[in-house]
Engineer: 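Here it is, the structure in full.
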There are 2 protein chains.
Amino acid sequence: MIICMEPIEIFKALSNESRLQILHWLKDPEKHFTPHEGIDMRKIGVCVCQITDTLKMTQSTTSQYLSILQRAGLVTAERIGKYTYFKRNEEAIREIGAFFTNEM
Amino acid sequence: MIICMEPIEIFKALSNESRLQILHWLKDPEKHFTPHEGIDMRKIGVCVCQITDTLKMTQSTTSQYLSILQRAGLVTAERIGKYTYFKRNEEAIREIGAFFTNEM
DNA sequence: TTATCATATCGAAAGTTTCCGATGTGTCAA
DNA sequence: TTGACACATCGGAAACTTTCGATATGATAA
């Protein structure tokens with residue numbers, strides 16, 4: 001187990017339709033977002049404003065939800081210039097799947 | 001997918017220390033409960049009053065938590081005489097693990 | 001049939017989550 | 001160096017969850 005998991009934090013983060021939605025969109029970012037030029041969405045991520053648009057909630061709510069997902073370890077953030085790009089933490093998600101299968 | 005899953009309901013059910021605890025105890029019932037005579041805890045389950053004792057919360061809370069776990073499909077209940085025996089739904093739990101690994 | 005035990009359900013106080021608008025902070029371009 | 005944009009954070013109203021005690025329901029035994 002490389003990533004330190006707080007199962008309750010993870011399950012809480014996943015207990016909300018919008019956050020589940022975001023995680024799902026980020027699985028296939030090309031389908032749901034337009035890339036910034038020079039940014040590979042799959043490698044770097046998607047910025048908060050694009051997620052805000054797709055989510056149809058305020059920037060404030062989107063930012064909070066992303067930070068809940070980040071604290072749970074489900075996504076990672078990278079700031080480039082004025083944008084912060086979020087992408088799935090596939091390794092952590094795989095480990096949670098394994099945890100569920102083996103420990104639950 | 002045999003069992004109909006509501007991921008949000010499942011994650012909500014798992015977002016609570018006591019409910020996670022119950023699910024964990026039921027994995028190895030011999031370790032945490034005393035069997036009723038003639039009842040194989042692994043096959044039939046554990047009654048609400050024993051779970052109440054181990055949980056150290058009221059009967060009312062325990063009963064509600066079990067019913068949340070049941071609605072999420074994580075446990076099943078069987079009434080025998082005046083007792084209701086709850087046990088893990090191993091198949092559903094396995095499917096949730098698979099769902100997590102494949103769909104999340 | 002009534003008393004008793006096991007369980008479920010109701011109603012409520014306290015705590016948490018959801019989601020917002022307003023405001024603060026970091027970055028870049030003019 | 002200021003204006004504008006992207007993002008984070010604060011404070012709060014409404015909705016939901018946690019947990020309880022009281023009470024209802026179901027089953028059995030006397």
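Everything numeric in this text was worked out from a predicted model, so none of it was measured. Just so we're on the same page: letters track the sequence lines, and every chain starts at 1.
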Engineer: If you look at every heavy atom in A:Gly73 and A:Ala92, which pair is closest and at what distance?
Structural biologist: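 A:Gly73 and A:Ala92 have their closest heavy atoms at O-CB, 3.3 Å.
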Engineer: Which parts of residues 41-57 of chain B get close to DNA chain D, meaning a heavy atom less than 4.0 angstrom away?
Structural biologist: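 Under 4.0 Å from DNA chain D: B:Met57.
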Engineer: Is a donor on one side and an acceptor on the other found under 3.5 Å between the side chain of A:Arg88 and the backbone of A:Leu23?
Structural biologist: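 Present.
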Engineer: Taking heavy atoms of chain B and a 4.0 Å limit, find me the 5'-most and 3'-most nucleotide of DNA chain D within that range.
Structural biologist: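 Contacts span D:dT17 to D:dT28, reading 5' to 3'.
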Engineer: B:Gln64 has an atom CD; how far is it from atom P of C:dG11, in whole Å?
Structural biologist: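 Taking CD of B:Gln64 and P of C:dG11, I get 13 Å after rounding.
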Engineer: Has A:Arg19 got a side-chain atom pairing as donor or acceptor with A:Leu14's backbone, closer than 3.5 angstrom?
Structural biologist: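 Judged by distance alone, no pair lies under 3.5 Å.
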Engineer: Tell me, yes or no, whether the heavy-atom count around A:Glu6 atom CD, taken from other residues, nucleotides or ligands under 6.0 Å, exceeds 12.
Structural biologist: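 Atom CD in A:Glu6 is not crowded, with 12 or fewer foreign heavy atoms closer than 6.0 Å.
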Engineer: With the threshold set at 4.0 Å, does a side-chain nitrogen-carboxylate oxygen contact exist between B:Glu30 and B:Arg42?
Structural biologist: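 Result for this pair is yes, salt bridge flagged.
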Engineer: Heavy atoms under 4.0 Å, any strand shown: does B:Ser63 hit a base, just sugar-phosphate, or nothing?
Structural biologist: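 Base, at least one base heavy atom under 4.0 Å.
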Engineer: With a 4.0 Å cut-off on heavy atoms, is A:Thr84 in touch with a base, just the backbone sugar-phosphate, or nothing at all?
Structural biologist: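 Counting heavy atoms under 4.0 Å across all strands, the contact made by A:Thr84 is with sugar-phosphate only.
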Engineer: May I ask you to list the residues of residues 17-26 of chain A, by number, that have any heavy atom positioned under 4.0 Å from an atom of DNA chain D?
Structural biologist: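 Within residues 17-26 of chain A, no residue comes under 4.0 Å of DNA chain D.
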Engineer: Find the distance between NZ (B:Lys31) and OG1 (B:Thr54) and round it off to the nearest 0.5 Å.
Structural biologist: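 That separation rounds to 14.5 Å.
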Engineer: Do A:Ser60 and A:Ser63 get their side chains close enough for a donor-acceptor pair, meaning under 3.5 Å?
Structural biologist: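 There is no such pair between these side chains.
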Engineer: Rounding to an integer number of Å, can you tell me how far A:Tyr65 OH sits from C:dT16 C1'?
Structural biologist: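 Result: 13 Å.
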Engineer: With distance as the sole test, does B:Thr61 use its side chain to make a donor-acceptor pair with the main-chain N or O of B:Met57 at under 3.5 Å?
Structural biologist: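 Here the side-chain-to-backbone pair does not exist.
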Engineer: Both A:Ser60 and A:Ile68 contact DNA chain C. Which one's nearest nucleotide lies toward the 5' end?
Structural biologist: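 Its nucleotide being nearer the 5' end, the pick is A:Ile68.
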Engineer: Under 30°, 30 to 60°, or over 60°: which ring-plane class applies to B:Trp25 and B:His32, parallel, tilted or perpendicular?
Structural biologist: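 It falls in the tilted class, 30° to 60°.
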Engineer: Within less than 4.0 Å of OP1 or OP2 of C:dC19, is there a side-chain N or O belonging to A:Asn16?
Structural biologist: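 Checking C:dC19 against A:Asn16, a side-chain N or O does come within under 4.0 Å of OP1 or OP2.
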Engineer: When you measure from the side chain of B:Gln50 to the backbone of B:Thr34, do you find a donor-acceptor pair of N or O atoms at a distance under 3.5 Å?
Structural biologist: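 Checked: pair present.
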Engineer: Return the value, rounded to whole Å, for the distance between atom CG of B:Leu66 and atom P of C:dT7.
Structural biologist: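 So the two atoms are 10 Å apart, to the nearest Å.
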Engineer: Checking A:Cys49 against A:Gln59 for the side-chain contact (heavy atoms from CB on, under 4.5 Å) test, could you report, in this order, the C-alpha distance in whole Å, the side-chain angles of both residues, the deciding distance, and whether it holds?
Structural biologist: CA-CA 7 Å; A:Cys49 53; A:Gln59 182 270 316; over 6 Å; no
Engineer: Measure from the side-chain heavy atoms of B:Lys82 and tell me the nearest of C:dT17, C:dA6, C:dT7.
Structural biologist: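 Of the candidates, C:dA6 comes closest.
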